[in-house]
Amino acid sequence: QVQLAESGGGLVQAGGSLRLSCAASGSIFRINAMGWYRQAPGKQRELVGTITTVGIPNYADSVKGRFTIARDNAKNMVFLEMSSLKLEDTAVYYCNANLQRTPYTVSREYWGQGTQVTVSS
């Protein structure tokens, strides 16, 4: 069993900052890329950013320069630092990990339950 647990969501004013955390737990052999996605009401889930095992990030254009992804491989965690938040950043944010449970199984995607981020004016 593998679980991804997000934390750190909440209500913040436009222009403010928020930090999300995600911890992967359970039977894990290796974690490959990790990342964050978000889904606003009435919209499809979209990529926020990803980070490789060696810490190379990739961001959606809409968050470049405002959001920063980091990870702690020793703790199987990924973080999302969000600053200069805008109303349009309001969404449920989902943690994602591509991981391998044993040396003999293929890697697959796992998702957290999501955490709500609401940006108010």
Side-chain angles (χ1 to χ4, degrees):
Q1 195 81 355
V2 172
Q3 289 188 329
L4 299 182
E6 302 103 335
S7 61
L11 176 65
V12 62
Q13 285 193 324
S17 300
L18 209 56
R19 184 181 194 235
L20 305 183
S21 300
C22 172
S25 62
S27 176
I28 299 172
F29 171 66
R30 176 170 58 206
I31 301 179
N32 302 309
M34 302 184 81
W36 293 91
Y37 290 72
R38 67 186 182 186
Q39 187 167 17
K43 295 188 176 181
Q44 290 188 331
R45 190 173 297 189
E46 64 176 8
L47 170 73
V48 175
T50 60
I51 186 167
T52 68
T53 53
V54 294
I56 299 174
N58 176 61
Y59 299 100
D61 288 342
S62 58
V63 306
K64 279 182 182 176
R66 301 188 299 119
F67 290 11
T68 301
I69 292 179
R71 65 189 285 173
D72 184 333
N73 291 333
K75 295 181 180 179
N76 290 342
M77 295 187 72
V78 63
F79 308 95
L80 182 65
E81 294 274 2
M82 303 183 290
S83 62
S84 301
L85 283 160
K86 304 176 180 180
L87 297 179
E88 52 263 41
D89 293 320
T90 295
V92 177
Y93 283 70
Y94 295 92
C95 175
N96 169 271
N98 180 281
L99 65 85
Q100 197 175 351
R101 292 189 61 188
T102 78
Y104 314 106
T105 54
V106 297
S107 299
R108 54 155 285 194
E109 305 291 325
Y110 288 83
W111 295 89
Q113 292 297 309
T115 184
Q116 177 70 45
V117 171
T118 302
V119 183
S120 65
S121 59

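Numbering of residues begins at 1 and proceeds along the displayed sequence.
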### Val119 side chain reached by Leu18 side chain, heavy atoms, under 4.5 Å
no
### Task
Applying side chain to side chain donor-acceptor pair (under 3.5 Å), name anything that partners Arg45, two or more places apart in sequence or on another chain.
none
### Message
For residues 93-102, which residue pairs pass the side chain to side chain donor-acceptor pair (under 3.5 Å) check, not counting sequence neighbours?
### Response
Arg30-Gln100, Asn32-Asn98, Arg38-Tyr93, Asn96-Glu109, Asn98-Glu109, Thr102-Thr105
### Query
Any disulfide bond (SG atoms under 2.5 Å apart) pairs touching residues 15-78, not counting sequence neighbours?
Cys22-Cys95
### Task
With sequence neighbours excluded, tell me which residues meet side-chain contact (heavy atoms from CB on, under 4.5 Å) with Ala24.
Leu4, Ile28, Ile31, Asn76
#### Entry: Common cluster, Leu85/Val92, ILVMFWY with side-chain heavy-atom separation under 4.5 Å
no
### Task
Kindly write out the residues that satisfy ring-ring contact (aromatic ring centres under 6.0 Å, His included) with Tyr37, not counting sequence neighbours, or none if the list is empty.
Trp111
### Query
Would you say Val2 and Met77 are hydrophobically clustered, going by side-chain heavy atoms of ILVMFWY under 4.5 Å?
no
### Message
Using every non-hydrogen atom in the two residues, find where Gln13 and Ser121 come nearest and quote the distance to one decimal.
### Response
NE2-O, 4.4 Å
### salt bridge (charged side-chain N to carboxylate O under 4.0 Å, His left out) against Lys86, all qualifying residues, sequence neighbours excluded
none
### Message
The criterion is side-chain contact (heavy atoms from CB on, under 4.5 Å); which residues satisfy it with Val54, sequence neighbours excluded?
### Response
Thr52, Ile56
#### Entry: side chain to side chain donor-acceptor pair (under 3.5 Å) partners of Gln116, counting only residues at least two apart
Thr118
### Summary
Between the OG atom in Ser120 and the CG atom in Leu11, the distance rounded to the nearest 0.5 Å is 4.5 Å
### Query
Does CD in Gln113 sit with more than 12 non-hydrogen atoms of other residues, nucleotides or ligands closer than 6.0 Å?
no
### Task
Establish whether Phe67 and Met34 are linked, either directly or via other cluster members, by ILVMFWY side-chain heavy-atom contacts under 4.5 Å.
yes
### Message
Please determine whether residues Tyr110 and Leu20 belong to a single hydrophobic cluster, defined as Ile, Leu, Val, Met, Phe, Trp and Tyr linked transitively by side-chain heavy-atom distances below 4.5 Å.
### Response
yes
### Query
Do any pairs count as a salt bridge (Lys or Arg N to Asp or Glu O under 4.0 Å) and have a residue in residues 5-15, sequence neighbours left out, and if so which ones?
none
### Message
With a 6.0 Å cut-off (strictly less than), is the heavy-atom count around CD of Gln44, excluding the residue itself, greater than 12?
### Response
no
### Message
For Thr53, give me all partners under side-chain contact (heavy atoms from CB on, under 4.5 Å), at least two apart in sequence or on another chain.
### Response
Arg71
### Task
Check the hydrophobic clustering (I, L, V, M, F, W, Y; side-chain heavy atoms under 4.5 Å; chains of links allowed) and say if Leu87 and Val12 are grouped together.
yes
### Summary
Sorted by chain and residue number, the side-chain contact (heavy atoms from CB on, under 4.5 Å) partners of Thr68 (sequence neighbours excluded) come out as Tyr59, Glu81
### Query
Can you find a pair of side-chain heavy atoms, one from Val78 and one from Ile69, that are under 4.5 Å apart?
yes
### Task
Check side chain to side chain donor-acceptor pair (under 3.5 Å) between Lys75 and all other residues, then give those that pass, not counting sequence neighbours.
none
### Query
Side chains of Arg66 and Asp89: closer than 4.5 Å at any heavy-atom pair?
yes
